[in-house]
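Working notes for the structure below.
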Amino acid sequence: MKTKTLLVVVLMVTAFSFLSFTYINQPKEAHLLKTPSIEGTYKLLWRKLPDGTTVKPPMIMGIQTFTKDIRNFNILSVDKNGKHYSYSVYSTYKLTDKEFTETIHFGVNNDEIGGKGVTYITDQTKTVPINFNGKKLEFKFPFDPPTVTFEGNKSTATAEGMFTDYWEKVK
C-alpha cells in the first residue's frame with residue numbers, strides 16, 4: 001500500500017513540476033495570441049478624405065458583415081455632382097493567426113464618378129499576411145486598396161492618398 005501511495009505522490013509531483021515549468025516558460029502574452037476573429041456586422045460611420053474633408057451619410061453609406069467564413073460588403077457614395085460609386089462583394093474567407101485568404105465569388109463595381117461604368121469580379125482567390133498582437137489586427141484586403149485595422153468594436157480602412165473609412169461594429 002505504501003509503495004502505491006508513494007508512486008502516486010511521485011507521479012503527481014512530476015506532473016505538477018512539468019506543468020509549472022511549461023507555464024513559466026511561455027511568453028508573457030502567449031495566452032492572448034490566438035487566431036483573431038472579425039465576426040460581426042460593421043456600419044460605415046464616416047470617410048475622411050486626404051484634404052481633411054469628412055463625408056457622412058447620406059453622401060456615403062456602407063455595411064459589411066463577416067460570419068465565421070463569409071464576407072458581404074456594400075458601399076455607396078455620391079459626389080457633389082450627384083454621380084454614384086457603389087461596390088458590392090460576396091466572398092468567403094479564412095483568417096488564421098498568420099494570413100487572410102479571400103475568395104470573391106462575385107463582386108459588382110459601378111463607378112459613375114470615375115467614368116468606368118459597371119465591372120464584375122468572379123471566382124478569384126488571394127492570400128495576404130496579417131499583423132496581430134492579441135488585440136489589434138491589421139492586413140490589406142487582397143482585392144481592394146485599403147489596409148484594414150480591427151480593434152475592439154472599431155475598424156478603419158485606409159487607402160493611402162484616397163480615404164480613411166471609420167467603421168463601428170453594430171452587431
Side-chain angles (χ1 to χ4, degrees), residues 32-171:
L32 297 176
L33 298 176
K34 58 181 184 174
T35 302
S37 172
I38 54 177
E39 289 181 50
T41 298
Y42 298 79
K43 179 180 177 182
L44 180 61
L45 301 175
W46 74 86
R47 171 174 281 181
K48 189 171 187 178
L49 300 176
D51 67 2
T53 303
T54 298
V55 184
K56 294 183 177 182
M59 300 308 287
I60 190 161
M61 295 177 279
I63 193 91
Q64 65 179 326
T65 299
F66 294 91
T67 67
K68 184 178 178 181
D69 58 359
I70 295 173
R71 176 182 180 223
N72 184 344
F73 175 85
N74 298 282
I75 195 163
L76 170 72
S77 65
V78 183
D79 73 4
K80 61 186 174 188
N81 300 316
K83 291 187 177 185
H84 294 82
Y85 173 89
S86 65
Y87 183 48
S88 297
V89 171
Y90 159 65
S91 63
T92 51
Y93 75 92
K94 182 177 181 185
L95 178 61
T96 70
D97 61 338
K98 297 188 181 352
E99 59 190 23
F100 178 86
T101 300
E102 183 174 25
T103 299
I104 292 182
H105 297 287
F106 65 84
V108 180
N109 188 6
N110 182 14
D111 188 0
E112 290 178 352
I113 295 171
K116 297 177 185 171
V118 177
T119 55
Y120 298 92
I121 304 168
T122 57
D123 297 318
Q124 295 181 30
T125 300
K126 287 186 184 178
T127 300
V128 295
I130 69 164
N131 292 314
F132 180 58
N133 68 7
K135 293 181 181 181
K136 182 177 170 182
L137 169 66
E138 184 176 80
F139 61 89
K140 186 196 171 305
F141 275 120
F143 298 97
D144 306 317
T147 296
V148 65
T149 301
F150 293 89
E151 189 168 12
N153 289 331
K154 305 287 184 191
S155 177
T156 57
T158 303
E160 204 63 44
M162 296 171 65
F163 61 81
T164 298
D165 286 347
Y166 295 85
W167 298 79
E168 183 175 53
K169 189 174 186 178
V170 294
K171 185 175 174 186

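Values below: all heavy atoms of this structure, side chains included; hydrogens, waters and symmetry mates excluded. The model shown is predicted, which means the values in this text are computed figures rather than measured ones.
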Distance-only donor-acceptor pairs under 3.5 Å for side chains of residues 56-67, two or more places apart:
| from | atom 1 | to | atom 2 | distance (Å) |
| --- | --- | --- | --- | --- |
| Thr65 | OG1 | Thr41 | OG1 | 3.1 |
| Thr67 | OG1 | Asp69 | N | 3.3 |
| Thr67 | OG1 | Ile70 | N | 3.0 |

* Asked: For the side chain of Asn81 and the backbone of Lys83, is there at least one donor-acceptor N/O pair under 3.5 Å apart?
  -> no
Atom pair [atom1] ([X]) and [atom2] ([Y]), whose distance is rounded to the nearest 0.5 Å:
X      : Y      : atom1 : atom2 : answer
Thr147 : Lys140 : OG1   : NZ    : 6.5 Å
Leu76  : His84  : CG    : NE2   : 5.5 Å
Asn74  : Ser88  : CG    : OG    : 4.0 Å

Closest contact, heavy atoms only, [X] versus [Y]:
X      : Y      : value
Leu44  : Trp46  : CD1-O, 3.6 Å
Lys169 : Gly40  : CE-CA, 3.8 Å
Ala159 : Pro145 : CB-CB, 3.9 Å
Trp167 : Ala157 : NE1-CB, 4.2 Å

Report task. List for me each residue that meets side-chain hydrogen bond (donor to acceptor under 3.5 Å, both in side chains) alongside Ser91, sequence neighbours excluded, and say none if there are none. Result ->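 Checked Ser91 against side-chain hydrogen bond (donor to acceptor under 3.5 Å, both in side chains); matches are Glu102.
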Query - Which residues share a side-chain hydrogen bond (donor to acceptor under 3.5 Å, both in side chains) with Tyr85, sequence neighbours left out - result: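 Counting only residues at least two positions away or on another chain, Tyr85 forms a side-chain hydrogen bond (donor to acceptor under 3.5 Å, both in side chains) with Asn109.
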For Asp144, the side-chain contact (heavy atoms from CB on, under 4.5 Å) test, sequence neighbours excluded, returns Arg71, Tyr87, Phe141, Pro146
Should the ring pair Phe150 and Phe139 be called parallel, tilted or perpendicular, given that the plane angle runs from 0 to 90° and is split at 30 and 60? parallel
**Q.** Check: Ile38 and Ser155 side chains under 4.5 Å, non-hydrogen atoms
**A.** no
Decide yes or no for Leu49 and Val55: does some side-chain heavy atom of the first lie under 4.5 Å from some side-chain heavy atom of the second? yes
Salt bridge (charged side-chain N to carboxylate O under 4.0 Å, His left out) filter on Lys154, not counting sequence neighbours, yields Glu168
Would Asp97 and Thr35 count as having a side-chain donor-acceptor pair, cut-off 3.5 Å?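 Short answer, no.
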- prompt: Around atom NZ of Lys43, are there more than 12 heavy atoms of other residues, nucleotides or ligands at under 6.0 Å?
  reply: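 Result for NZ/Lys43: open.
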For residues 122-132, please give each side-chain donor-acceptor pair under 3.5 Å, one per line with the distance, not counting sequence neighbours.
| from | atom 1 | to | atom 2 | distance (Å) |
| --- | --- | --- | --- | --- |
| Thr125 | OG1 | Thr103 | OG1 | 2.7 |
| Thr127 | OG1 | Thr101 | OG1 | 2.8 |

Are the aromatic ring centres of Tyr93 and Phe100 under 6.0 angstrom apart? yes
